[in-house]
Amino acid sequence: MKKITLKKSSLTLITSDENRFRIRYRDELNEAQYEAAAHLEGPVLVVAGAGTGKTRTLTYRVARLIEQGLHPESVLLLTFTRKAAREMLRRASLLLDERTERVSGGTFHSFANMILRRHAGELGYTSSFTILDQGDSEDVINVLRTRMGLATKNKRFPRKQTLQRMYSSSVNTLTPLELVIAKDFTQFAEQVDEIEALAQAYVAYKRQNNVMDYDDLLVNLVTLLEKHEEIRRKQSDRYRFIMVDEYQDTNRLQARIIRRLAATHDNVMVVGDDSQSIYSFRGANFRNIMDFPKDFEGARVITLEENYRSTQPILDFTNEIIRLAAEKYSKTLFTRKESGMPPALIAMEGENTQSRFIAQQILELREEGVPLKEIAVLFRAGYHSFDLEIELARANIPYVKFGGMKLMETAHIKDMLAYLRIVENPKDIVSWTRVLMLCDGVGPVTAERVTDEIVRGMNILHKSADERLRQIARGEEIPVLLDVLREIAVHGMAPGDKVERLLRYYTPILKARYDDHPKRMKDLEMFRTIAERYSQLSIMLTDMALEPPNESVEDLLPEGHEDEFVTLSTIHSAKGLEWNSVFVMYLVDGRFPVSAAAEDLESMEEERRLFYVACTRARQRLYLTYPTNIYDRATGTILSKPSRFLDGIPEQLIEGFVVEADL
């Protein structure tokens, strides 16, 4: 019998006649935004200055692509948080209709997870692989470090956290481990061979136990797309239009993923701001956004310059900051909010005077009608706010400082996740070690004997394992644990019910181990509520690893919680946010920029961009403060020179003040 092959039909696109579209794009977007939203085929870089409507532009482009006749499933929107992707697609659905809900949107890591689940076999994994979060990765490294005898050497060997940072940096920057150590961990240069041997053991362990860490999701997706042409072509054909948000924050692996996904076309739109590239410590590569026109030949560059956030005096100042950058895309932000106060530069004698001034000014702003929630104090490093926190407390000014222990990093939540991961992947040795050590009378030796049996192939969740376990460990603790795990391993039991059963088992352990168990119990109740949202345990565990809930209940509802509070934040944590009034502290060389940045131009340029990000958070008022004399205990020097980022700023762009008398 003869076969007939149907050829792929080309898309029939609606013409660009604006009258054919439901949305009046020209009326609702400015000229540059419209140019980006209306762009159809070919590569394009949208350089979106701070506050210029980047999200709005992406949202309208999603709607426009669908109105032009594209299948929503052929559009891929990659962001750095699932929340950002959901919000853009929600806005697009309000603009257009429910078709936008069929657009593929998510983070690089969630997208990688989805593709790898389908093709895990091509890489030697099964589709049920589990994902290690950072803490789990560190625990695995520590187990291997001990087994290899590296933890008992006379010479100090890196701790598990340091080793994990080394390996992650090497992977995300595509830099040989030896060079990473030579650049950032010079104190361990003599132990390179042992550190590399441990890295190899770590890679082997993950494959043997069907687990991937966070970085593996990107590494393995790149491997899949580069070594399997048919899969690469299939994915490229499926996603005909790709959009990437915050492209300045991508690392080299993510840039390679985009290049491979566009293998059969170059329909890629990346949106970002080179002047806000501040995450090199996470592996972000400034060169990705700067070199995009080289990576995608013929790329169009569209610049968004109309700012909808700040007043013109603030923009004049921030434009000048970034004008002095060594390398950049030229842009001059402007706004229709022409009036406003120029940024204030306030010098004062000492650190405590700085803190008292900020506290006093916050009270004055509140008296003028600025809500506390519209005021933020930003700083280069977390410890810079310690003195200020004392002064705010004395002045009875409520505040929230961004940072602290995250929910998924707490010991009691990690215990619960370990139980659940075992049910999903009985070969998860790290999780087994953790839960076994929670049993009374079980120490490291017994736990290792049990896990050794698992490595040899014993299915510990099967009743046939009981006799062997009785030979290894005495007492009833392990049998009780196994009964609970076998009970919740039943197929069809909802994740919320599994957590409920685990809580009955775990609560006595919690009370015996932690004096503050009532607080921790609130976290566990929150965790149970989260679990009840899921129908499948595998999806829940994947989400917990890829994008976990951030805050502990105690962090969300601190004692004495008030509806209004001042925000204290590092600049890195403040990116993407905005306030009416912003204070930027410690503008002294050595603090901002930090002393270490003086070692190379790239680091100093990133410090400049960090200053730019801080200043562009302000809508109406910007206060820049610095004490004229600081004793730096780390270096034993007096820091007294105002930040070099203030050098060359025309006097008319900033208003200077000196605080002389005690406040």
Side-chain angles (χ1 to χ4, degrees), residues 5-16 20-23 25 36-44 55 57-120 122 127 217-218 221 224-225 228-245 247 254 257-271 535-536 539 542-543 546-547:
T5 303
L6 292 176
K7 296 181 180 179
K8 286 186 178 180
S9 59
S10 59
L11 290 170
T12 302
L13 300 177
I14 296 174
T15 66
S16 58
R20 298 287 301 274
F21 297 121
R22 182 189 307 178
I23 300 169
Y25 295 94
H39 179 87
L40 185 57
E41 295 185 310
V44 61
T55 300
T57 303
L58 279 171
T59 300
Y60 274 80
R61 197 208 183 210
V62 169
R64 176 93 173 196
L65 287 175
I66 294 173
E67 280 214 82
Q68 288 191 272
L70 296 174
H71 298 299
E73 294 84 357
S74 70
V75 179
L76 174 63
L77 172 62
L78 293 174
T79 62
F80 275 83
T81 66
R82 286 187 302 167
K83 180 181 178 181
R86 286 196 299 266
E87 178 61 17
M88 286 185 204
L89 297 181
R90 184 190 69 82
R91 292 186 189 183
S93 68
L94 294 175
L95 285 174
L96 191 59
D97 52 46
E98 69 282 353
R99 283 177 292 171
T100 61
E101 296 174 4
R102 306 206 308 271
V103 170
S104 298
T107 66
F108 276 91
H109 291 85
S110 63
F111 175 74
N113 173 69
M114 177 184 70
I115 301 300
L116 291 172
R117 294 286 176 190
R118 297 175 186 163
H119 301 287
E122 303 289 346
S127 60
L217 293 171
L218 300 184
L221 179 56
L224 191 71
L225 295 175
H228 298 273
E229 183 179 354
E230 185 177 347
I231 293 174
R232 178 175 67 249
R233 181 179 50 76
K234 182 179 178 181
Q235 296 304 324
S236 185
D237 285 341
R238 178 175 183 176
Y239 301 109
R240 301 294 298 175
F241 290 84
I242 300 169
M243 289 184 283
V244 186
D245 189 19
Y247 195 67
Q254 290 161 329
I257 288 170
I258 296 303
R259 181 64 271 184
R260 299 301 175 265
L261 286 174
T264 62
H265 59 81
D266 275 350
N267 300 328
V268 176
M269 173 181 282
V270 300
V271 182
S535 60
Q536 295 181 41
I539 297 175
T542 296
D543 284 355
L546 290 179
E547 194 165 353

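Index from 1, following the sequence. Values below: every heavy atom of this structure, side chains too, minus hydrogens, waters and symmetry copies. Note that the structure is predicted; figures quoted are calculated from it, not measured.
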Checklist outcome for this item: What one should report as the nearest heavy-atom pair of S236 and A263 is OG-N, 3.2 Å
Checklist entry - Which distance, rounded to the nearest 0.5 Å, do you find between the NE2 of H39 and the CG of N267? => result 7.0 Å
Next on the checklist: Do L78 and Q254 have side chains that approach each other closer than 4.5 Å (heavy atoms only, starting at C-beta)?
Outcome noted: no
Next on the checklist: Assess whether a salt bridge exists between E87 and R91, defined as any Lys/Arg side-chain N lying under 4.0 Å from an Asp/Glu carboxylate O.
Outcome noted: yes
Next on the checklist: Name the residue from L94, L58, V75, V103 that meets the side-chain contact (heavy atoms from CB on, under 4.5 Å) definition with L89.
Outcome noted: V103
Item to check | E101 side chain vs S93 backbone, donor-acceptor pair below 3.5 Å | outcome: no
Item to check | Any side-chain heavy-atom pair of V244 and F108 under 4.5 Å | outcome: yes
Item to check | NE2-CG distance between H119 and L225, expressed to the nearest 0.5 angstrom | outcome: 9.0 Å
Checklist entry - What class does the angle between the rings of F111 and Y239 fall in, given that below 30° is parallel, 30 to 60° is tilted and above 60° is perpendicular? => result perpendicular
Checklist entry - What's the verdict on side chain to side chain contact (heavy atoms under 4.5 Å, CB included) for R64 and I23, showing C-alpha distance, side-chain angles and the deciding distance? => result CA-CA 8 Å; R64 176 93 173 196; I23 300 169; over 6 Å; no
Checklist outcome for this item: Scanning both residues in full, the closest heavy-atom pair of V62 with T100 reads CG1-CG2, 4.4 Å
Next on the checklist: One pair to check against salt bridge (charged side-chain N to carboxylate O under 4.0 Å, His left out): D266 and R259. What are the steps and the verdict?
Outcome noted: CA-CA 8 Å; D266 275 350; R259 181 64 271 184; 2.6 Å; yes
